[in-house]
Structures are given as C-alpha cells and as structure tokens.
Amino acid sequence: MVDRRAFLKTSLLGASALALAGRVSADVAAPASKAVAAKVISTWDFGVAANRAAWAVLDKGGHALDAVETGVQVPEADLKNHSVGRAGYPDRDGRVTLDASIMDADGNCGAVAALEHIAHPILVARRVMERTPHVLLVGDGALQFALEQGFKKEELLTPESEKAWHEWLKTAHYQPSANSEVRDYGKTGLPGGHDNHDTIGMLALDAQGRLAGACTTSGMAWKLHGRVGDSPIIGAGLYVDGEIGAATSTGVGEEVIRNAGSFLVVELMRQGRTPQEACHEAVMRIVKRRPDAAKDLQVGFLAMNRHGDVGAWAIQPGFSYAVCDAQRQDTLLPAKSVY
Ligand code: ASP
C-alpha cells in the first residue's frame with residue numbers, strides 16, 4: 001500500500017500528471033473503432049506488470065479469457081503485494097482468505113470466496129466455471145474443490161504479513177457491532193478506509209473481439225473472518241456482457257455489492273453511456289446513497305466497451321489504471337474522482 005502511494009506520488013503528480021491526464025481525455029474521447037484491436041486494462045499500478053503478461057497472450061492471438069487469467073496471476077504471486085494473492089494481509093484472526101472471479105463474454109463465470117491456502121485463487125475460479133455446474137464456491141468447500149483439482153495447499157501468511165498483523169492487533173479497535181457507526185469505515189479506522197484496499201480487476205478484448213474479465217484480492221486487511229467483498233460476486237466486482245462491455249471495481253466491497261456496481265456500469269453502457277460516463281454514474285450512485293461515509297471511503301470502477309473504449313472513475317483521488325495495447329505498453333493513467 002505504502003509502495004503504491006509512493007509510486008503514485010512520484011509517477012502521477014506534477015508535470016507528468018498533466019501529460020497523463022491529457023492521455024485520459026484522448027482515450028475517453030476516442031470514437032469506437034470498427035476494427036477490433038486487442039487491449040487489456042487493469043486496476044492500480046501493479047496492473048502494469050499484470051497487463052504485460054496478459055498482452056503476451058493477446059499479442060499471439062490468444063483468447064481474452066486466457067489473457068486475464070494469466071495477467072492477474074502476476075500480482076497474485078507478488079510477495080510485495082499485500083492486497084492480492086499469496087502475500088495478502090490476513091483477516092482479524094490472522095488467516096489469509098482470498099476472493100477471485102472470472103467471466104467471459106457469453107456469461108460463463110466462476111468464483112471462489114474466503115479461500116485459504118491456495119496461492120492462485122483465479123485458477124480455482126476458472127475451474128469452478130469450467131468443471132462444475134456452479135458459479136461460486138466458498139471457504140472449506142472451495143479449498144476441498146481446489147485440492148481435488150490438484151492445487152497445492154500452502155501456508156500463505158508471510159512473515160511480513162504476520163508482522164503487520166501483530167502491529168495492527170496492538171491498536172485494533174474493530175469490534176463487530178450492530179452500531180451503524182461501524183459502517184463509517186474511514187473515520188473509525190476500520191477496514192476499508194483510504195489505506196486499506198486494493199484489488200486487481202482486469203478486462204481484456206482480444207483480436208477476435210471477445211471480452212473477458214478477472215478480479216482477485218485478499219480483500220480488506222483485518223476483516224472479520226468469513227467476510228467476502230465484491231471481487232468474487234458476479235455483478236459486483238466483475239461483470240462482462242459480450243454485447244456491451246465489461247466492468248470491474250476496487251475499493252470498499254460492501255458499497256459495491258450494495259449497488260451491484262459492475263453490473264450497473266455495464267447496464268449504463270447498454271443505455272448508451274460511454275465507459276467513462278457509466279463509471280462516473282455508478283460512483284455517484286454510491287456517493288448519493290451515503291454521502292457522509294463516502295467522503296472517507298474509496299471505490300473505483302474501470303470499464304471497457306466491446307469496441308475497446310475505456311473509462312474509469314473513483315470516489316477519492318489516487319485511483320489509477322493500467323492500459324496496454326499495440327500502441328502503448330506500460331501505461332498508467334489516473335482516474336478522475338469525485339473529491
Ligand atoms: N474490493 C475489495 C474488497 O472489498 C478490496 C479492494 O479493492 O480494496 O474486498
């Protein structure tokens with residue numbers, strides 16, 4: 001998290017931010033091209049490396065679904081990334097529980113939630129999609145399925161994550177309560193404040209015009225054991241409709257679930273909004289519902305329509321997304337924000 005913020009400070013602020021902002025507008029304003037050009041986009045700065053891996057698949061004429069599955073495995077494996085995959089920070093009880101989902105343009109999808117001991121939940125999500133009649137497996141059942149599928153059981157809590165968890169325990173004041181105040185994430189220092197989120201959501205369009213998406217996270221650090229965020233919930237953290245486009249989200253999953261966020265973004269595109277307009281409207285839906293809480297929490301949406309036009313919007317500044325296509329590699333753009 002600290003790394004990401006430092007990175008954003010150095011790479012997005014100042015003169016370079018102006019240049020990047022110009023590229024955002026150009027990107028959003030670009031008319032939909034008739035010829036399909038492959039493209040992959042993903043959330044946050046770690047999306048740059050993830051996109052590179054996905055692009056290697058797309059560039060060879062590969063399937064968008066394979067591209068997103070390959071791409072998001074990069075942050076899942078990154079030991080410095082404490083918000084996705086094997087080095088993700090644990091829950092309140094010190095257990096690393098991972099959430100992931102994957103979806104193609106035809107409505108095929110699979111997901112796992114609160115999965116422990118498996119380093120690449122996205123691979124298990126795809127197996128759920130392709131080898132079961134189900135969409136979502138959770139907890140012990142998801143682990144049992146993963147082991148039956150031959151995945152290796154591992155200890156995911158790294159020494160660094162364990163240390164951070166012990167530090168958090170010293171100051172933790174997060175107690176489950178029916179008190180509505182516990183929903184004011186940022187103010188009370190609860191999970192989901194400004195500095196306690198990050199997920200990779202990735203959307204790809206391949207050269208044959210097929211869309212796909214993947215989303216994977218360790219969720220909020222220090223969450224209650226059993227808490228599931230938006231990322232593995234189809235329609236919340238991820239949604240793909242081959243006729244329209246795809247969307248994914250990052251930030252406080254509870255707010256995204258309440259508003260069926262990614263589904264909403266795709267439906268707004270169906271009604272004629274550009275990806276950028278759709279992301280903006282979905283963000284404003286969250287802000288309007290809980291204006292006070294929204295001042296302190298982050299949610300970001302990222303979308304791509306079937307022509308490859310891209311948009312993003314967030315509640316707070318700082319949300320960035322990575323774009324990769326034949327013209328530009330390793331490009332990180334700042335999303336516009338409400339505040
Ligand atoms: N959306 C994820 C969740 O709520 C985490 C994040 O993106 O920060 O689990």
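Since the model is a prediction, treat every value here as computed from it, not as a measurement. Order of listing sets the numbers, starting from 1, for every ligand and every atom in it.
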Honestly, for Asp198 the part within reach of ligand 1 (heavy atoms, under 4.0 Å) is backbone
Strictly distance-based, threshold 3.5 Å: is any side-chain N or O of Asp325 a donor or acceptor partner for the main-chain N or O of Lys39? no
Can an N or O of Glu254 be found at a distance shorter than 3.5 Å from an N or O of ligand 1? no
Test: Arg289 and Glu255 ion pair at under 4.0 Å: no
Other than Leu79, what residues sit in its cluster of Ile, Leu, Val, Met, Phe, Trp and Tyr side chains whose heavy atoms are under 4.5 Å apart, directly or through others? none
Going by the 4.0 angstrom heavy-atom rule, the piece of Arg227 near ligand 1 is side chain
Which ligand 1 atoms, with their elements, are less than 4.0 angstrom from a heavy-atom of Gly229? 9 (O)
Thr250 heavy atoms, cut-off 4.0 Å: which ligand 1 atoms fall inside? 6 (C), 7 (O)
Under 3.5 Å, N or O to N or O, is Gly253 touching ligand 1 that way? yes
Can the ring centres of Trp222 and Tyr89 be said to be less than 6.0 Å apart? yes
Under 4.5 Å side-chain linkage, directly or through intermediates, the cluster mates of Val57: none
Considering distance alone, does some N or O of Asp230 sit under 3.5 Å from an N or O of ligand 1? yes
Return yes when atom CG of Asp93 has more than 12 non-hydrogen atoms of other residues, nucleotides or ligands closer than 6.0 Å, and no otherwise. yes
